[in-house]
Amino acid sequence: MPFPLGITLVALSTFFSAAATEIEQTRAKDVASTTHVSVQQPDSSAHLEVPDDEPQPSGLPVRRPEGGAAGGSVHSIGPFISVQVNVGPSGANIPGDAANEPSIALDPTDPSRIAIGWRQFDTVTNNFRQAGVAFSQDGGSSWTFPGPLDPGNFRSDPVLEFDADGAFYYYSLRAGFECDVYRSYDGGATWEEPVFAYGGDKEWITVDRTDGIGRGHIYGIWNAQFGCCGGALTRSTDGGETYDPPLDVPNNPFWGTMSVGPQGNLFITGLSGIGYIVVRSSNAQDAEVMPVFDQVTSFSMGGGTPFGAPPNPGGLSGQIWVATDHSDGPTNGNVYVLATIEPFSGGDPADIMFARSTDGGASFSPPIRVNDDPTDNDAFQWFGTLSVAPNGRIDVIWNDTRNTGDPQWSEVFYSYSVDGGSTWTKNIVVSKPFDSTRGWPDQNKIGDYYDMVSDDDFAHLAYSATFNGEQDTYYLRISRDCNGNGTEDLQDIDDGISEDCDGGGIPDECEDDFDGDGAIDACDDDIDGDGIPNEDDVCDHTVLPGFINPDGSQIGDIFADCDVDLDDFGHFAPCLQTGGPNVVHPVEACTLLFDYDGDEDIDLVDFRYFQLAFTGALP
């Protein structure tokens with residue numbers, strides 16, 4: 001259903017033509033359109049990503065005081081432990097502040113070193129924010145927040161990244177839509193002076209971690225409509241010492257992210273005047289040439305991106321994510337896109353939708369719904385966030401209201417895929433519920449995004465929640481526990497607690513059974529012979545419910561070839577002639593093969609059913 005105070009954005013000319021309206025402000029309109037129209041450039045003077053409140057009054061400390069509020073800084077549900085990041089020196093919560101829009105960097109050379117940045121509001125009584133950042137040297141068990149990077153100065157929209165050698169980068173928006181990049185070589189404990197990197201609102205950053213010629217290149221993008229200096233893409237080829245003047249990106253994608261593929265190609269996604277797009281540059285990795293864009297692909301995500309929805313009325317319901325597969329397996333080079341979508345088909349007000357490209361971004365699959373709740377329960381799935389592990393596992397989290405029934409109360413949910421996104425594990429809850437509308441720092445939102453990084457063992461999430469009655473930023477290390485029994489999935493399999501018939505590393509009880517035959521999909525027979533056991537492996541003329549063999553074929557189809565023919569009749573005829581309960585033919589058990597009416601007697605009633613199956617007339 002459409003949001004009463006929301007905007008579904010695929011076609012944006014109506015939205016952007018209103019110069020007095022800015023992207024992060026709620027408007028009481030319902031714009032839902034599948035028509036692709038051009039995006040008009042708005043008046044940047046109307047934008048609210050500017051300092052309109054003064055910093056905290058003179059006399060208060062600029063650096064963070066030690067906290068002591070009740071409620072603690074660690075919140076757990078089952079095996080999933082959320083550790084607060086914006087804490088005082090003793091590790092306790094600091095009352096009265098707010099921290100949202102977190103982003104995370106993880107040192108690939110030493111996973112115990114993690115940094116998280118966020119928008120730091122020293123008080124919820126105004127919306128003046130600074131560049132908050134904390135670091136952990138024990139894998140996220142504890143955090144040190146020494147104070148904002150640029151004390152007393154307005155900064156927003158933090159994005160953290162890391163390179164293959166463990167250096168961290170902090171992309172930060174300041175007033176005037178200009179951005180700087182800070183660097184850290186000690187896991188975020190200390191940061192160098194910032195380097196000017198052009199920029200604009202809703203910026204994002206990525207680093208080339210391949211072994212190709214672009215290794216170490218840093219790329220920054222932003223919304224061209226709200227930029228400082230023209231263009232929407234900058235690049236550093238010297239490790240962040242300098243940044244190239246901005247370049248235009250085709251179709252001006254916005255609210256999106258970037259990823260560098262295993263061949264060094266740069267992929268940019270976002271919304272545009274032609275819908276959802278992925279833009280590719282194959283030569284941005286070459287420092288000797290100016291980047292050009294050799295591919296623009298538009299595709300459907302099954303709906304539009306909600307803005308101003310009840311869980312986050314002053315902000316986005318989620319940004320558009322792109323990630324690439326760097327594994328050594330058959331999914332290497334895949335390009336994945338994830339977005340929070342209000343479906344055109346109706347039903348849920350917001351779902352988490354996933355699309356995949358297996359041809360370098362030239363085309364994308366029809367979107368797949370990751371959340372597995374009913375489609376008509378009016379639940380909001382929002383802030384969908386995507387990351388891909390080096391081994392090719394795809395991790396997705398999102399906020400979800402299915403269990404609370406209240407748009408204001410969400411839990412964080414998790415699902416993963418080990419087959420390139422074709423199938424997803426059952427959704428599990430990994431956080432306590434929280435009210436996303438509490439603790440607004442003079443802004444009606446809990447930010448615009450979360451952020452996540454995956455390694456081969458875990459998904460590392462930075463998110464915001466209100467467990468302490470205010471907006472705080474948390475770190476959550478997510479292990480794979482799809483059956484929710486408190487034990488990691490691979491351990492369940494190793495211990496024999498769970499079966500894994502296909503050897504895919506997912507317990508059988510977490511696999512989907514598309515054809516409803518009682519066997520999990522990964523181990524279903526490939527009835528249609530396409531090499532993939534999936535929902536298509538059902539005969540076109542499958543018989544009445546209950547007349548199904550364990551392999552998904554119909555009773556009477558002895559050879560499971562989706563064809564009841566004379567070969568099958570050669571087995572049926574002796575059973576009919578002999579008759580009687582539980583009579584066994586020399587080759588097969590008659591009642592297992594042909595007892596359509598279940599009376600343990602192969603008689604003329606069964607013969608009639610067999611005739612209908614033979615002609616394909618059975619429903």
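Starting from 1, each residue takes its place in the sequence as its number.
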Among pairs that include at least one residue of residues 260-283, which meet salt bridge (charged side-chain N to carboxylate O under 4.0 Å, His left out), considering only residues two or more places apart or in two chains?
Arg280-Asp294

Answer with yes or no after comparing the ring centroid distance for Phe354 and Tyr336 against a 6.0 Å cut-off, counting only values under it.
yes

If you look only at pairs with a residue in residues 452-462, which of them pass as a salt bridge (charged side-chain N to carboxylate O under 4.0 Å, His left out), with sequence neighbours excluded?
none

Who passes ring pair (Phe, Tyr, Trp, His ring centres under 6.0 Å) against Tyr463, sequence neighbours left out?
Tyr450, Tyr474

Side-chain donor-acceptor contacts of residues 131-141 below 3.5 Å, not counting sequence neighbours, with atom names and distances?
from, atom 1, to, atom 2, distance (Å)
Ser136, OG, Asp138, N, 3.4
Ser136, OG, Asp138, OD1, 2.7
Ser136, OG, Gly140, N, 2.8
Ser136, OG, Ser142, O, 2.9
Asp138, OD1, Ser141, N, 3.1
Asp138, OD1, Ser142, N, 3.1
Asp138, OD2, Ser142, N, 3.4
Asp138, OD2, Ser142, OG, 2.5

Can you list the residues that meet the side-chain hydrogen bond (donor to acceptor under 3.5 Å, both in side chains) rule with Arg356, with sequence neighbours excluded?
Ser422

Across all chains, not counting sequence neighbours, the salt bridge (charged side-chain N to carboxylate O under 4.0 Å, His left out) partners of Asp107 are Arg113

Using the disulfide (SG to SG under 2.5 Å) criterion, which residues pair with Cys228? Sequence neighbours excluded.
none

Output every pair passing salt bridge (charged side-chain N to carboxylate O under 4.0 Å, His left out) with a member in residues 140-151, not counting sequence neighbours, ordered by first then second residue.
Asp150-Arg155

Non-neighbouring partners of Phe80 that pass ring pair (Phe, Tyr, Trp, His ring centres under 6.0 Å), sequence neighbours left out:
none

Residues that Ser415 engages under side-chain hydrogen bond (donor to acceptor under 3.5 Å, both in side chains), provided they are two or more places apart:
Thr425

According to ring pair (Phe, Tyr, Trp, His ring centres under 6.0 Å), who are the partners of Trp204, at least two apart in sequence or on a separate chain?
Trp321, Tyr449

Sequence neighbours excluded, the answer for ring pair (Phe, Tyr, Trp, His ring centres under 6.0 Å) partners of Tyr219 is none

